[in-house]
Amino acid sequence: MNLTRGLILLAFTISLLGLQERDNPGKKTLIESLQTDSLRYDMYLLENELGESEGYMAEIFTPVCHTNECYPVYIDFYWDLLGNYLKYEIPEGELLTKLDHVPFDDEDHEKLQEILSNERSLLKDYKIEELVGSTQTVAANGVDAVTGATLKTIKNEVIDGAVYSCYTLWHLAHGEMAEKVKVHTEGLYSKALLIQFLESGHYPYQYWAIEKVINKDLYTDDKLSTAMLEVLLGDNIFLSSHLIKVLPEEVFTSLKRQVWLWQTMEKSPYKLQMKMLDKFNTLKLYPELQIKLLEGLKEGNPAQQRKVYSVLKNQLNLSKSLQYQVLDYIKQGIWKDGLIELLLGQNKLDKKIKKQLNTK
């Protein structure tokens, strides 16, 4: 074994006990420890003062070696509850260095955080030997070298003099540890956790919780369904659009829920309004909602009116009073042909209206 590498691995072994003594404030519970020749970590679940799970962190030690050159890296990684990388910290008294033992400066740390935060980094597509030159090249250039064939491709994904570190740390941040975090959270599954996720405002949590609630038919639980519907009031139109698309019709079987959806639609962005009208198109509506839709034929723009008419056309149980209101619209020339078709499609069309439409 190369002497330098042997010494660094010895330091690695000596450091194992030291990792357990790091002072990290806040409640944390050890969930896994790992020790190999090339990696050592203790992983913790972090909780807030209410006992709610907040995320994960791992205290990591790894020797970073490029051929005959090795140096120790002590670093703490943080993930959210679904294994999405958040940040890193360097323990007190430790530092990251580039080749020739040059310490990272503030700009290097900022760049590293940017690199590690990019889960789609090109670093995932390469082997380390494709990125790093030989020992002789390193010595000649004074930097952690990159082969000419890949220089232009990955130059923005690494720090000069720290290619190996960037590569190693990125794969630690987005590799097996992140997957273990997600699996552990699956084991924490509970109604309280789902509500916590839905109310978090953190869209990865919300997508995850929505999927769980719907796939497990938990929307029959009033607290869960209410927390899920509140997502529609948020600012994330992509999340809201996804939610309104996947929400089962059963969520809106009550008059209270249908009225809530209408009121929410009225204050939603235009694109979301159109998607909500599509949802109404799948529902058997109460008369209170049918009236609002009929009024919408006068108030909306042409695109909205077409959506509203499509919804109304699926309502085959209009009350007698609503049928006469539709007839009044026909007399005013509002959507005449379409509303005649709507009336003729009713299960119980009033006889007097039939006469006025010249049908028997």
Side-chain angles (χ1 to χ4, degrees), residues 1-12 15 19 34 36-41 57-79 83-91 93-179:
M1 179 184 294
N2 176 273
L3 179 59
T4 304
R5 183 176 179 85
L7 290 173
I8 203 68
L9 290 176
L10 177 61
F12 167 55
S15 71
L19 277 174
L34 179 73
T36 70
D37 288 341
S38 58
L39 178 66
R40 164 72 167 95
Y41 67 77
M57 67 91 67
E59 298 173 341
I60 301 167
F61 176 87
T62 183
V64 174
C65 301
H66 172 223
T67 60
N68 295 330
E69 300 292 329
C70 296
Y71 60 94
V73 169
Y74 297 85
I75 193 168
D76 297 340
F77 276 164
Y78 291 80
W79 297 270
N84 298 302
Y85 169 81
L86 296 176
K87 65 175 183 176
Y88 75 88
E89 292 179 351
I90 302 301
E94 304 296 340
L95 49 80
L96 293 179
T97 61
K98 297 182 282 189
L99 290 181
D100 297 328
H101 306 289
V102 177
F104 272 41
D105 58 23
D106 290 342
E107 185 176 342
D108 292 327
H109 281 290
E110 183 177 343
K111 178 67 173 178
L112 181 60
Q113 175 63 13
E114 178 184 332
I115 292 167
L116 298 182
S117 297
N118 180 14
E119 63 179 12
R120 296 181 178 86
S121 172
L122 295 177
L123 292 174
K124 71 179 184 296
D125 298 322
Y126 289 92
K127 297 179 180 179
I128 188 58
E129 55 266 24
E130 296 177 288
L131 305 181
V132 181
S134 67
T135 306
Q136 290 75 18
T137 304
V138 171
N141 293 347
V143 297
D144 196 356
V146 181
T147 62
T150 59
L151 174 60
K152 291 182 180 180
T153 305
I154 59 93
K155 66 179 181 179
N156 292 327
E157 310 285 333
V158 296
I159 298 169
D160 285 345
V163 174
Y164 202 114
S165 295
C166 294
Y167 180 91
T168 300
L169 296 179
W170 188 91
H171 281 272
L172 287 176
H174 299 279
E176 291 185 7
M177 282 191 285
E179 286 300 317

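Values reported hereafter were calculated over all heavy atoms of this structure, with side chains retained and with hydrogens, waters and symmetry mates removed. Numbers for residues simply follow the sequence, beginning at 1. It should be emphasised that the depicted structure is a prediction, and the values quoted were computed from it without experimental measurement.
For the pair Lys124 and His171, the tightest heavy-atom approach, listed with the atom from each and the gap, is CA-CE1, 3.9 Å. Shown here for Trp79 and Met57, the closest heavy-atom pair between the two residues is CZ3-C, 4.2 Å. Closest approach of Arg40 and Leu34 over heavy atoms only: CD-O, 3.1 Å. Counting all heavy atoms, side chain and backbone alike, Trp170 lies closest to Ser121 at NE1-CB, 3.3 Å. Taking each heavy atom of Gly83 and Ala178 in turn, the nearest pair found is O-CB, 3.4 Å.
Open room surrounds CG on Asp106; 12 or fewer heavy atoms of other groups in view lie less than 6.0 Å from it. The number of heavy atoms from other shown groups lying within 6.0 Å of CD (Glu110) does not exceed 12. Atom CD of Glu176 is surrounded by 12 or fewer heavy atoms from other residues, nucleotides or ligands within 6.0 Å.
In this structure, Lys98 and Asp108 have side chains that are in contact, with non-hydrogen atoms separated by less than 4.5 Å. Taking the side chain as every heavy atom from C-beta outward, Ile60 and Leu172 approach each other to under 4.5 Å. Taking the side chain as every heavy atom from C-beta outward, Tyr167 and Val158 never approach each other to under 4.5 Å. In this structure the side chain of Val102 never reaches within 4.5 angstrom of the side chain of Thr97, judged on heavy atoms. Taking the side chain as every heavy atom from C-beta outward, Ile159 and Phe104 approach each other to under 4.5 Å. Using a 4.5 Å cut-off on side-chain heavy atoms (C-beta onward), Leu96 and Ser165 make no contact. Side-chain contact between Glu107 and His109 is absent, with no heavy atoms from C-beta onward closer than 4.5 Å. Looking at heavy atoms from C-beta onward, Leu123 lies in side-chain contact with Ile115 at the 4.5 angstrom threshold.
Formation of a donor-acceptor pair under 3.5 Å by the Thr62 side chain with backbone atoms of Val73 is not found in this model. Judged by distance alone, with hydrogens and angles left aside, the side-chain atoms of His174 form no donor-acceptor pair with the main-chain N or O of Arg120 at under 3.5 Å. No donor-acceptor pair closer than 3.5 Å links the side chain of Glu94 to the backbone N or O of Pro72.
Remark: aromatic rings of Phe77 and Tyr85 are close, center separation under 6.0 Å.
Summarising the geometry, atom OH belonging to Tyr164 is positioned 11.0 Å from atom CG belonging to Leu169; distances are rounded to the nearest 0.5 Å. We find the OG-CG distance between Ser117 and Leu86 to be 8.5 Å, quoted to the nearest 0.5 Å.
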* Are Asn118 and Glu157 close enough, and set up right, to give a side chain to side chain contact (heavy atoms under 4.5 Å, CB included), and what steps lead you there? -> CA-CA 9 Å; Asn118 180 14; Glu157 310 285 333; 3.8 Å; yes
* Please assess Glu89 against Tyr78 for the test side chain to side chain contact (heavy atoms under 4.5 Å, CB included), listing each intermediate value before the final yes or no. => CA-CA 8 Å; Glu89 292 179 351; Tyr78 291 80; 3.2 Å; yes
